[in-house]
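Reading through the structure tokens given below for one structure.
Order of the sequence lines sets the chain letters (A, B, ...), proteins ahead of strands, with each chain counted from 1. Computed from heavy atoms alone, side chains included, the values below leave out hydrogens, waters and symmetry copies. Model, not experiment: these values are computed from the prediction.
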2 protein chains.
Amino acid sequence: MARAATTADAFNAVAEPRRREILDLLAAGERSVGDLVEAMGVVQPLVSKHLRVLREVGLVEVREDGRQRFYRLNGEPLRAIHDWVSKYETTWSKRFDALDDVLAELKEAETGHGDGD
Amino acid sequence: MARAATTADAFNAVAEPRRREILDLLAAGERSVGDLVEAMGVVQPLVSKHLRVLREVGLVEVREDGRQRFYRLNGEPLRAIHDWVSKYETTWSKRFDALDDVLAELKEAETGHGDGD
DNA sequence: ACATTACATACCCATATGGGTATGCGTCAA
DNA sequence: TTGACGCATACCCATATGGGTATGTAATGT
């Protein structure tokens, strides 16, 4: 074992800048591979490979039309990321100081460091 | 070139399940490395390495106390992920059908496919 | 000073990638 | 049918890991 197949979930799919770029491009609507290639300025096989990863995690869907393939976004898999990250929203938003305090207390209780004053 | 240094941003740091696990554990409050090792059931060097990655992207901070090091969460870097993913919230939430429609129109305009009915 | 504890690093390995080139395959045009 | 086009795959490479073991280092204990 080495990397435990990173190309298995949305977290990994999105970890790649190029892949995020593709999703950003598809956000405006479906595009053909060639269109993406042109927009991204990289060789076609590269785009195809990234698209494959995105396809495997369900982030994009294909529509065949003649010899072209139009990819379109399906953000659903991003939901898991959103949900996970949202849990931490409190840590960067000062508005949640109160909650942060609660978490701190939970930690005290768990580690048993509670120096009951 | 091969992978363009994945360990450079929060997206990649969080792509690793173990690293997410660590952050989840730290969510309740700071913990020593040994504590994390025990909680995760993996060898210490592994945890240290993951902690290093998290440190390099600023997701955790250290506090030294004697020969122990207490790591604590700093979710701020997750904000970038949250912001990026949030853009796609419309794609999995039916509540935003209207906005979705707007995006579709924008795409029409951009690709020039607008077949005026 | 010596042993032990708590971590971080140095290495070693196997493997998963990202990037690129060559190639295969299906589709549309002559 | 032959040829160009559009895209996916097969390969080849270099490298970045994740996992594990051995080892170095600082701090506490005896």
Side-chain angles (χ1 to χ4, degrees), chain A residues 1-23 25-26 30-72 111 113, chain B residues 1-23 25-26 30-72 111 113:
Chain A
M1 287 118 235
R3 308 193 78 215
T6 42
T7 334
D9 57 33
F11 278 98
N12 274 293
V14 170
E16 253 298 313
R18 305 274 205 205
R19 255 143 18 201
R20 257 174 292 160
E21 191 182 348
I22 289 178
L23 295 182
L25 285 169
L26 295 182
E30 64 173 27
R31 280 187 183 236
S32 67
V33 177
D35 199 12
L36 289 172
V37 169
E38 197 176 6
M40 299 177 65
V42 295
V43 292
Q44 174 265 312
L46 241 275
V47 175
S48 284
K49 280 201 286 190
H50 282 309
L51 283 171
R52 181 177 187 174
V53 172
L54 292 172
R55 232 188 313 151
E56 290 181 342
V57 300
L59 276 168
V60 299
E61 285 163 11
V62 209
R63 175 174 73 80
E64 303 187 24
D65 181 57
R67 54 190 171 187
Q68 285 187 299
R69 305 217 179 164
F70 290 91
Y71 279 83
R72 79 173 217 167
T111 62
H113 274 182
Chain B
M1 291 114 238
R3 307 194 79 214
T6 42
T7 335
D9 57 33
F11 279 97
N12 274 293
V14 170
E16 252 299 313
R18 304 275 206 204
R19 255 143 16 203
R20 257 174 290 160
E21 190 181 348
I22 289 178
L23 294 181
L25 285 168
L26 295 181
E30 64 172 27
R31 279 189 184 234
S32 67
V33 176
D35 200 12
L36 289 172
V37 170
E38 196 175 7
M40 299 176 66
V42 296
V43 292
Q44 174 266 312
L46 240 275
V47 175
S48 283
K49 280 201 285 191
H50 282 309
L51 283 171
R52 181 177 187 175
V53 173
L54 292 172
R55 232 190 314 152
E56 290 180 343
V57 299
L59 276 169
V60 298
E61 286 163 10
V62 210
R63 176 174 73 79
E64 302 188 25
D65 181 57
R67 55 190 170 185
Q68 285 186 300
R69 306 219 177 160
F70 291 90
Y71 279 82
R72 77 172 217 167
T111 61
H113 274 183

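The heavy-atom pair separating Ser32(B) from Phe70(B) by the smallest distance is N-CD2, 3.6 Å.
Regarding Glu56(B), its CD atom lies at a distance of 11 Å from the P atom of dG18(D), rounded to whole Å. As rounded to whole Å, 14 Å separates atom C1' of dA16(C) from atom CG of Asp9(A). When the P atom of dG26(C) is taken as reference, atom CD of Glu64(A) falls 12 Å away, rounded to whole Å. The interatomic distance linking Gln68(B) (CD) with dC7(C) (P) rounds to 5 Å, in whole Å. One atom, CD1 of Ile22(A), and another, P of dA8(D), lie 11 Å apart when rounded to the nearest Å. Rounded to a whole Å, the CD atom of Glu16(A) is 17 Å from the P atom of dT15(D). Distance CG (Asp35(B)) to C1' (dT5(C)): 15 Å, rounded to an integer number of Å. For Arg52(B) and dA16(D), the CZ to C1' distance is 14 Å, given to the nearest whole Å.
A donor-acceptor pair under 3.5 Å links the side-chain atoms of Arg19(A) to the main chain of Ala13(A), judged by distance alone. Using modelled atom types, no side-chain atom of Arg72(B) and backbone atom of Val62(B) make a donor-acceptor pair closer than 3.5 Å.
Once rounded to the nearest 0.5 Å, the distance linking CG of Leu25(A) with CE of Met40(A) reads 6.5 Å. Remark: Leu26(A) CG to Asp35(A) CG distance equals 9.5 Å, nearest 0.5 Å. Interatomic distance, CG of Leu36(A) versus CD of Glu30(A), reported as 10.5 Å (0.5 Å rounding). Taken to the nearest 0.5 Å, the NE2 atom of His50(A) stands 5.0 Å off from the CG atom of Leu46(A).
At the phosphate of dA6(C), neither OP1 nor OP2 sits under 4.0 Å from any side-chain N or O atom of Tyr71(B).
At least one side-chain heavy atom of Leu23(B) sits less than 4.5 Å from a side-chain heavy atom of Val60(B).
Counting only heavy atoms from C-beta on, Ser32(A) has its side chain closest to dC7(D) among dC7(D), dA6(C), dG20(C). Minimum atom distance to the side chain of Arg18(B) is reached by dG19(D), of the listed dG19(C), dA8(C), dG19(D).
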(request) Give the intermediate values and the outcome of side-chain contact (heavy atoms from CB on, under 4.5 Å) for residues Val14(B) and Leu59(B). (result) CA-CA 9 Å; Val14(B) 170; Leu59(B) 276 169; 4.0 Å; yes

(request) Going 5' to 3' through nucleotides 24-30 of chain D, assign each nucleotide B (protein heavy atom under 4.0 Å from a base atom), S (under 4.0 Å only from sugar-phosphate atoms) or - (no protein heavy atom that close). (result) ---BB--

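Non-hydrogen atoms lying under 4.0 Å from DNA chain C are contributed by Gln44(B), Pro45(B), all within residues 36-45 of chain B.
Remark: the Lys49(A) side chain and the dG19(C) base include a donor-acceptor N/O pair separated by less than 3.5 Å.
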